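Note sheet for the following structure.
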Amino acid sequence: MQTEETRALITTYYETLPTGNREKLASLFTEDVEWYPPESAPLAVMKGRDAVTRELGGETPKRIFDMKTFRLTIHRILADGDTAVVQHSISAKTRAGEQYDNEYCWVYHCRDGQIAKIEEYADTHKAARIMKWEN
């Protein structure tokens, strides 16, 4: 993919996330898409369009956060060829009522006009402390 196609795809992805339109979200992923959360987070690698759409389309954030307080702010989208890097932050109350503010870097690998692989990076030490994850 060309750089501008990749940038447009990722922009569409972030515009689609808050709409709840899972059909549109699914159309942005390859059938064999993979999402790799940070290794130290208690989240499994997700594989396949249905699983990734279900989780990123609402299941994961709804399980963790009070969605009325959820705010995702994009700081930067960088694209080069078929790869995009997005720096963003999340601010929300957890379901347990703790304030959560963290910075993220997500790397998207695109193929044939769709997202094929997602790698997520975040301060999981901070997340574990706030969300009281077990060691």
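Fair warning: this is a prediction, and the values are worked out from it, not measured in the lab.
- Thr3 and Gly81 make their closest contact through OG1-N, 2.7 Å (heavy atoms, listed as atom of the first residue, atom of the second, distance).
- Heavy-atom neighbours of Gln2 CD from other residues, nucleotides or ligands within 6.0 Å: at or below the threshold of 12.
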Taking it one step at a time, do Asp112 and Thr30 satisfy side-chain contact (heavy atoms from CB on, under 4.5 Å)?
CA-CA 8 Å; Asp112 300 327; Thr30 61; over 6 Å; no
Could you walk me through whether Glu55 and Arg63 pass the salt bridge (Lys or Arg N to Asp or Glu O under 4.0 Å) check?
CA-CA 10 Å; Glu55 290 302 317; Arg63 196 170 39 250; 2.8 Å; yes
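- When all heavy atoms are compared, the tightest approach of Gln114 to Ser27 is NE2-O, 3.0 Å.
- Heavy atoms only, all atoms of each residue included: Ala122 and Pro38 are closest at N-CG, 4.1 Å.
- The distance from the CG atom of Leu25 to the OG1 atom of Thr12 is 11.0 Å, given to the nearest 0.5 Å.
- Defined by atom type and a distance below 3.5 Å, a donor-acceptor pair is missing between the side-chain atoms of Tyr100 and Glu98.
- Side-chain atoms of Thr124 and Glu39 form no donor-acceptor pair, as typed in the model, at a separation below 3.5 Å.
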side-chain contact (heavy atoms from CB on, under 4.5 Å), that's the test. Do Val33 and Leu28 meet it? Break it down for me.
CA-CA 10 Å; Val33 64; Leu28 303 175; over 6 Å; no
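- Annotation: cation-pi pair Lys117/Tyr108 absent, no NZ/CZ under 6.0 Å from the ring centroid and within 45° of its normal.
- Side-chain heavy atoms closer than 4.5 Å link hydrophobic residues (I, L, V, M, F, W, Y) into clusters, and following such links, possibly through other members, connects Trp35 to Ile77.
- From His125, atom NE2 reaches atom CD1 of Ile130 across 10.0 Å, with rounding to the nearest 0.5 Å.
- Criterion: ILVMFWY side-chain heavy atoms under 4.5 Å apart, direct or through other members. Under it, Ile74 and Val85 are not part of a common hydrophobic cluster.
- At a threshold of 4.5 Å between side-chain heavy atoms, the hydrophobic network of Ile, Leu, Val, Met, Phe, Trp and Tyr places Ile118 and Ile90 in one connected group.
- The structure places CG of Asn102 at 5.0 Å from NZ of Lys126, a figure rounded to the nearest 0.5 Å.
- Put simply, Leu78 and Ile115 are part of two different groups of oily side chains (I, L, V, M, F, W, Y) that touch within less than 4.5 Å, one to the next.
- Between the side chains of Asp101 and Ser91, at least one donor N or O sits under 3.5 Å from an acceptor N or O.
- Taken from CH2 in Trp106 to CD in Glu120, the straight-line distance is 4.0 Å, to the nearest 0.5 Å.
- Distance CG/Leu9 to CG/Asp82: 11.0 Å, rounded to 0.5 Å.
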Using the side-chain contact (heavy atoms from CB on, under 4.5 Å) rule, take Val107 and Thr83 through it: C-alpha gap first, then chi angles, then the decisive distance, then the call.
CA-CA 7 Å; Val107 180; Thr83 303; 3.9 Å; yes
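- Checking Tyr104, Tyr121, Tyr13 one by one against His88, the ring pair (Phe, Tyr, Trp, His ring centres under 6.0 Å) holds for a single residue, Tyr104.
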Tell me which donor-acceptor pairs under 3.5 Å the side chains of residues 44-53 have, and how far apart each pair is, sequence neighbours excluded?
from: Arg49; atom 1: NE; to: Ala26; atom 2: O; distance (Å): 3.2
from: Arg49; atom 1: NE; to: Phe29; atom 2: O; distance (Å): 2.9
from: Arg49; atom 1: NH1; to: Glu31; atom 2: OE1; distance (Å): 2.8
from: Arg49; atom 1: NH2; to: Phe29; atom 2: O; distance (Å): 2.8
from: Thr53; atom 1: OG1; to: Arg49; atom 2: O; distance (Å): 2.8

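- With rounding to the nearest 0.5 angstrom, the NE2 atom of His109 is 13.0 Å from the CE atom of Met1.
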